[in-house]
Amino acid sequence: MPRALIIGSGSEIAATRLTNDQMARVVDTNDQWIRERSGVETRHFAPPDVATSDLGVAAAAKALEAAGVEKDEVDMVVFATMTPDHYFPGCGTILQHKLGLGTVPCFDIRQQCSGFLYGLQLADAHIRAGMARTVLLVGAEVHIGFMPWTQENYDYALGVSDVPPTKEEREWNSRFRHLVVLFGDAGAAVVLRASEDGERGVLDHDLHGAGADYEKLCVPGTGFKHRPYTSPEQFERGDHIPVMDGRFVFKMATTHMAAVAKTVLERNKVTSDEVKMVLMHQANKRINEYCQRALNLPDEKVPHNIHKYGNTTAATIPLLWDECVRDGRITPGDLVLMVAFGAGMTWGASLVRA
Ligand code: COA
């Protein structure tokens with residue numbers, strides 16, 4: 001049976017860089033708190049004319065180039081995002097069109113921070129079943145639309161306006177301060193190809209979903225549970241901005257990420273010594289440090305980029321993969337474990353031989 005082998009990757013970071021100090025110009029927060037509690041130092045946000053599909057397209061073009069794959073060879077697209085350009089359609093066909101791919105099946109999946117791993121399993125299953133040979137798997141997000149500040153506040157944060165937020169605006173922005181400091185915008189993509197090589201490729205997955213506590217991390221408004229699905233009242237209440245019980249999510253993430261990583265290693269009879277890299281979702285550096293200790297991993301096996309980009313949700317793991325491949329930390333034949341936790345709640349791990 002063929003296996004899905006990652007043969008190329010690419011990433012695209014949104015253009016506008018915002019430091020913690022700049023954010024503190026419009027939100028009651030400070031660089032020290034953000035660094036100590038989350039590890040984030042800067043994040044990038046997309047300019048107004050750049051949507052999630054654009055970051056995905058740019059990343060996908062680089063991944064195709066790295067893989068040496070022509071557009072007409074791609075026979076399936078999987079696009080993971082929680083911030084699609086439109087309520088519908090999803091970003092899959094928009095990317096298909098913008099990239100100029102054939103009229104191939106385009107899956108849109110929304111497992112938030114676990115989206116890439118869910119997409120990897122979907123792509124791998126199609127390849128194993130012989131239903132696809134070359135799959136483009138994309139994770140991309142533009143979170144800036146969740147940010148509570150006005151454009152004028154944002155301009156002030158960036159230093160292009162002299163008009164500071166009013167007291168009321170600052171209070172409103174600060175209501176969401178535990179959330180807004182964490183996120184950033186990026187896209188990342190991999191090309192997967194059916195491989196008959198018995199050793200290399202995606203080896204195993206262990207994915208989970210449990211909705212009992214979904215309201216601890218969700219967007220309460222702008223959904224079809226409401227009639228109408230969106231309204232000025234929802235915006236006044238701030239229901240278009242995610243709610244997040246940070247401590248609850250932190251505890252769930254550390255517990256499940258460490259456990260699922262151990263499960264995948266054990267059932268494949270792989271020790272952490274044999275793994276070259278463990279790519280953990282970048283939601284909070286402290287979550288990953290906890291998992292690193294639980295798995296007894298040395299620092300060099302657990303790369304981070306949250307300090308530069310914040311949490312880019314579906315893009316974090318392919319972005320890390322791309323960085324590690326391009327700078328030589330991952331080379332063909334290396335064993336790589338990927339681990340994520342996200343809203344839903346969803347979590348999982350995948351074991352891959354590069
Ligand atoms: N700047 C300054 N102070 C802040 C702040 C900010 N940005 N955000 C919250 N605080 C304050 C709180 O108001 C609270 O103040 P108080 O003690 O006076 O009440 C204090 O800091 C502690 O808040 P708490 O929420 O308990 O902090 P924490 O240590 O749990 O860190 C998170 C908050 C959000 C960084 C952390 O819980 C987290 O990362 N959770 C996981 C989130 C996640 O993974 N989300 C993505 C899902 S995949």
Which residues share a side-chain hydrogen bond (donor to acceptor under 3.5 Å, both in side chains) with [X], sequence neighbours left out:
X	answer
Thr134	Arg193
Thr103	none
Tyr309	Glu323
Glu152	none

Notebook entry, point to check: In this structure, which one of Gln112, Gln282, His143 forms a side-chain hydrogen bond (donor to acceptor under 3.5 Å, both in side chains) with Thr313?
Noted result: His143
Check: With Asp124, which of His126, Gln121, Arg128 fulfils side-chain hydrogen bond (donor to acceptor under 3.5 Å, both in side chains)?
Finding: Arg128
Co-members of [X] in a cluster of I, L, V, M, F, W and Y side chains, linked at under 4.5 Å:
X	result
Phe235	none
Tyr229	Tyr87, Phe224
Tyr290	none
Leu95	Leu5, Ile7, Val57, Leu64, Val69, Val74, Val77, Phe79, Leu99, Leu101, Val104, Leu136, Val138, Val191

Verify, without hydrogens or angle tests, whether [X] (side chain) and [Y] (backbone) share a donor-acceptor contact under 3.5 angstrom.
X	Y	value
Arg353	Gly201	no
Arg329	Lys301	no
Thr166	Glu169	yes
Thr81	Ala140	yes
Asp197	Arg200	yes

Next item on the list: I would like to know whether Thr271 and Glu274 meet side-chain hydrogen bond (donor to acceptor under 3.5 Å, both in side chains); could you show each step before the answer?
Entry: CA-CA 5 Å; Thr271 65; Glu274 293 168 275; 3.1 Å; yes
Item checked: Stepwise side-chain hydrogen bond (donor to acceptor under 3.5 Å, both in side chains) test for Gln292 and Asn288 -> CA-CA 6 Å; Gln292 181 182 342; Asn288 295 353; over 6 Å; no
Check: Side chains of Gln32 and Asn20: donor-acceptor distance under 3.5 Å anywhere?
Finding: no
Checklist line | Sequence neighbours excluded - salt bridge (charged side-chain N to carboxylate O under 4.0 Å, His left out) pairs with any residue from residues 88-111 | finding: Asp54-Lys98
Check: With Ala66, which residues qualify under side chain to side chain contact (heavy atoms under 4.5 Å, CB included), at least two apart?
Finding: Arg326
Next item on the list: Using side chain to side chain contact (heavy atoms under 4.5 Å, CB included) as the criterion, list what pairs up with Ala24, not counting sequence neighbours.
Entry: Thr29
Next item on the list: Determine whether more than 12 heavy atoms belonging to other residues, nucleotides or ligands lie under 6.0 Å from atom CD of Glu199.
Entry: no
Item checked: His226 NE2: over 12 foreign heavy atoms closer than 6.0 Å -> yes
Note to self: Checking Glu41 now: which residues fulfil salt bridge (Lys or Arg N to Asp or Glu O under 4.0 Å) with it, not counting sequence neighbours?
What the structure shows: Arg35
Next item on the list: Look at the rings of Trp347 and Phe341 and say which category their plane angle falls in: under 30° parallel, 30 to 60° tilted, over 60° perpendicular.
Entry: parallel
Check: Any side-chain heavy atom of Val339 sitting closer than 4.5 Å to one from Cys291?
Finding: no
Item checked: Stepwise side-chain hydrogen bond (donor to acceptor under 3.5 Å, both in side chains) test for Thr312 and Glu141 -> CA-CA 6 Å; Thr312 59; Glu141 307 285 351; over 6 Å; no
Notebook entry, point to check: Can you list the steps and then say if His86 with Ile94 is a side chain to side chain contact (heavy atoms under 4.5 Å, CB included)?
Noted result: CA-CA 10 Å; His86 298 284; Ile94 299 174; 4.0 Å; yes
Item checked: Pair Glu171 + Lys167: basic N to acidic O under 4.0 Å -> yes
Margin query: Between Ser161 and Asp155, is the side-chain hydrogen bond (donor to acceptor under 3.5 Å, both in side chains) condition met? List the steps.
Written below: CA-CA 5 Å; Ser161 158; Asp155 288 344; 5.7 Å; no
